[in-house]
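The chains referred to below are lettered A, B, ... by the order of the sequence lines, with proteins before strands, and numbering in each begins at 1. Predicted, not measured: the structure shown is a model, and the values here were computed from it.
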Amino acid sequence: MKLSKMLFKSLRETPSDIELESHKIMIKSSLIHQAGSGIYSYLPLAWKSLRKIEQIIREEIDNVGGQELRMPVIQPKSLWDKSGRSISMGQELFNLNDRRQKPFVLAPTHEELLTSIVKEMIYSYKSLPQLIYQMQTKLRDEPRPRGGLLRVREFIMKDAYSFDLNKDGLDESYENLSNAYMNIYNRCGLEVIKIEADSGAIGGKDSHEFVAISDAGEDKIVICNNCNYSANSEKASFSKKQYTIDSNLENQEFPTPGIKTIASLCKFAKVESYQTIKAMFYNSKDELICAVIRGDYEINELKLARAIGDPNIKPASNELLKKHDIPAGSASPLGKSIKVIADDSLLKANNYIAGANKEGYHIKNVNIGEDFTASIIEDISQIPDNAQCSKCNKDLSFKKAIEVGHIFKLGTIYSEKFDANYLDINGKSKTIEMGCYGIGTGRLLAAVIEQNHDKNGPIFPKSISPYDLIISPIKYENKIIKEYSDKIYDLLKSNKFDIVLDDRKESPGVKFSDADLLGFPIRLIISEKLIEQNMIEIKLRNSEESIKIENKKLIDYLKK
RNA sequence: CGGGGUGUGGCGCAGUUGGCUAGCGCACCAGUAUGGGGUACUGGGGGUCAUCGGUUCGAGUCCGGUCACCCCGACCA
């Protein structure tokens, strides 16, 4: 490839509204072009790199038995009505109608369609397990696209789906994919850690995220440096302090005029926050829910939503509270016949102060199980900044990270909705166990650049670099230099190297800067002096030094 | 959806209290010299000033609406 003919234009100044390094680099080196908010073209350079990433993914997924197919982006909305996600995914779904006003969606993912395909094609245990995947464009009307390719509305994702006989089979498929994922990231030159994650709107049980540590990331993750426990902070558990004393005491109501917050209550009653109960009220399907937690912790609404089994909970309105006669500031579950979800921290202390459900009054020595009961008691707390590991009790640390892969054990939630069943060896109908596994390829590329760059541009790992190397001849217009450079170019091409020749009439400075901005691992420099000595200069992108070798030895050198 | 910001050639910017053919740098084209880290000089091409409406003799500039993009938050496989 001759650089003069490449769809490439290096920008000296980047658009002023760009913040992230990877985004800047991708714009400056013409990897991508923005068409709208969160909508990008992959220009030839990025596309070459993405195809290499796709090929690595393909090889690794095939290696664990994957079969590639391709499903449509545009799908009848009825599929999504069937799974319930036309509602649960809400605004994120791109909707449109055809000319007959029949509703369609632009697919944000493909569980629905593939499950319905499998339902039609799989009848027997003999056909299972299956691992199906594709590389396909996904569309999601994100509320806020950001950071170049990091969060976009149209993107390419490798999505794989496993179909197994039972839970053991699912566990095995999940493990296989998890291993394949680590291989993929290694081969792409990306440092990634696997963490426990929340499965969110997609549903399901176990879920892990693969994240690249980076300040550009949107995820906050928790890591234990001692025992390697790691999780998304949305889901992370931690060790809750134990404060239980002697025995439970008798209730005692006392006036607390104007006291509305835990902080003011502690000050007023001269107690620590762990001696109080915080009550929060939510609306789940128009039912009032009371979530209670020890005063020294905060409620994590994601965990709460999971505990209740309703992803769409929202804070209770004042009207709803009034209807149940609950006074804000002095509220608690005491004496109320409403559904109560308690954080397990409440079990680790006793004789709490809680609201009396009477304006301006609280009650001392409240105990869970005695004075009120909760229908669910589990961890619904937000992890605090100074938390300790739930496994080894050592301090946890927080990092920002880019989510570059997410895997889920779906179980039977989709197979049940789509009647994806099979007959087992005894002729009994069973439901297929499913898993799903996603990697966004554009985001992966952005993460690689985020982790591998310097002030001059990207430093592509060899495996996903758009080209193997660039030849930068100084004074290419000179006939001797041109002939020599062209000869090297042809030689390398015939040896199957994928190369770019900088044939432009530019000064050395411009050529070198652009070579750095292109980020290929190797740069060959050709100049008049070097030709006289039958030498050629090799500069690696990831090092400052360059070496000179005899031109005869070039191919051997590059091949090693 | 809430808060903040920005829209003037491809990119970065200037444009006074409204006043002449709307400027500058980079990039682009032609040329001369130069040739190891964005070289110098000369001459060119390219803009309905986001858009719609209003005020005015006159609007890039003042007023109002709309749109787009960016950032923070909410939200979110």
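Among the heavy atoms of the strands, none lies under 4.0 Å from A:Gly440. Residue contacts shown for A:Lys28 are absent, as no nucleic acid heavy atom lies under 4.0 Å away. As judged by a 4.0 angstrom heavy-atom cut-off over every strand, A:Ile525 is placed among the base-contacting residues. Counting any heavy atom pair closer than 4.0 Å across all strands shown, A:Glu209 reaches no nucleic acid atom. A:Asp514 comes within 4.0 angstrom of a base, heavy atoms only. A:Ser37 comes within 4.0 angstrom of sugar-phosphate atoms only, judged by non-hydrogen atoms across all strands, and of no base. Across all strands shown, A:Gly147 has heavy atoms under 4.0 Å from sugar-phosphate atoms exclusively, and none from any base. Using a 4.0 Å heavy-atom distance criterion, A:Lys9 is classed as a sugar-phosphate-only contact. Residue A:Arg523 is classed as a base contact, given a heavy-atom separation below 4.0 Å to a base.
A donor-acceptor contact under 3.5 Å is formed by the side chain of A:Glu537 with the base of B:G36. Counting distance only, with no hydrogens placed and no angle test, the side-chain atoms of A:Arg144 and the base atoms of B:C76 include no donor-acceptor pair under 3.5 Å.
Between A:Asn478 atom CG and B:U34 atom P the separation is 13 Å, expressed in whole Å. For the pair A:Lys475 NZ and B:U39 P, the computed distance is 18 Å after rounding to whole Å. Taking atom CZ of residue A:Arg151 and atom P of nucleotide B:C72, one finds them 12 Å apart after rounding to whole Å.
Of the C1' atoms belonging to B:U17 and B:U21, the separation is 24 Å, rounded to the nearest Å. Here, B:G60 and B:C67 have their P atoms 24 Å apart, quoted to the whole Å.
Of the side-chain N and O atoms in A:Gln34, one or more sit less than 4.0 angstrom from OP1 or OP2 of B:C70.
In this structure, A:Phe408 has its ring center at least 6.0 angstrom away from the ring center of A:Tyr161.
The pairing partner recorded for B:U39 is B:A33, the criterion being a Watson-Crick or G-U wobble arrangement whose two distances lie under 3.5 angstrom. The pairing partner recorded for B:G53 is B:C63, the criterion being a Watson-Crick or G-U wobble arrangement whose two distances lie under 3.5 angstrom. Nucleotide B:G47 forms a pair with no other nucleotide shown, judged by Watson-Crick or G-U wobble geometry with both contacts under 3.5 Å. Searching all strands for a Watson-Crick or G-U wobble partner of B:U6 with both distances below 3.5 Å returns B:A68. Pairing for B:G73 is with B:C1, a Watson-Crick or G-U wobble pair whose two hydrogen-bonding atom distances lie under 3.5 Å.
Atom CD of A:Gln533 has more than 12 neighbouring heavy atoms from other residues, nucleotides or ligands inside a 6.0 Å radius.
Here the OG-OH distance, from A:Ser527 to A:Tyr476, works out to 15.5 Å after rounding to the nearest 0.5 Å. Rounded to the nearest 0.5 Å, atoms CE (A:Met434) and OG (A:Ser173) are 11.5 Å apart.
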Once base and sugar-phosphate atoms are separated, protein heavy atoms under 4.0 Å mark nucleotides 8-13 of chain B, 5' to 3', with B, S and - as ---SSS
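Annotation: of the two residues near RNA chain B, A:Lys138 and A:Ala35, the 5′-most nearest-nucleotide partner is A:Ala35.
Across A:Lys82, A:Lys417, A:Arg85, A:Lys119, a single residue satisfies salt bridge (charged side-chain N to carboxylate O under 4.0 Å, His left out) together with A:Glu112, and that is A:Arg85.
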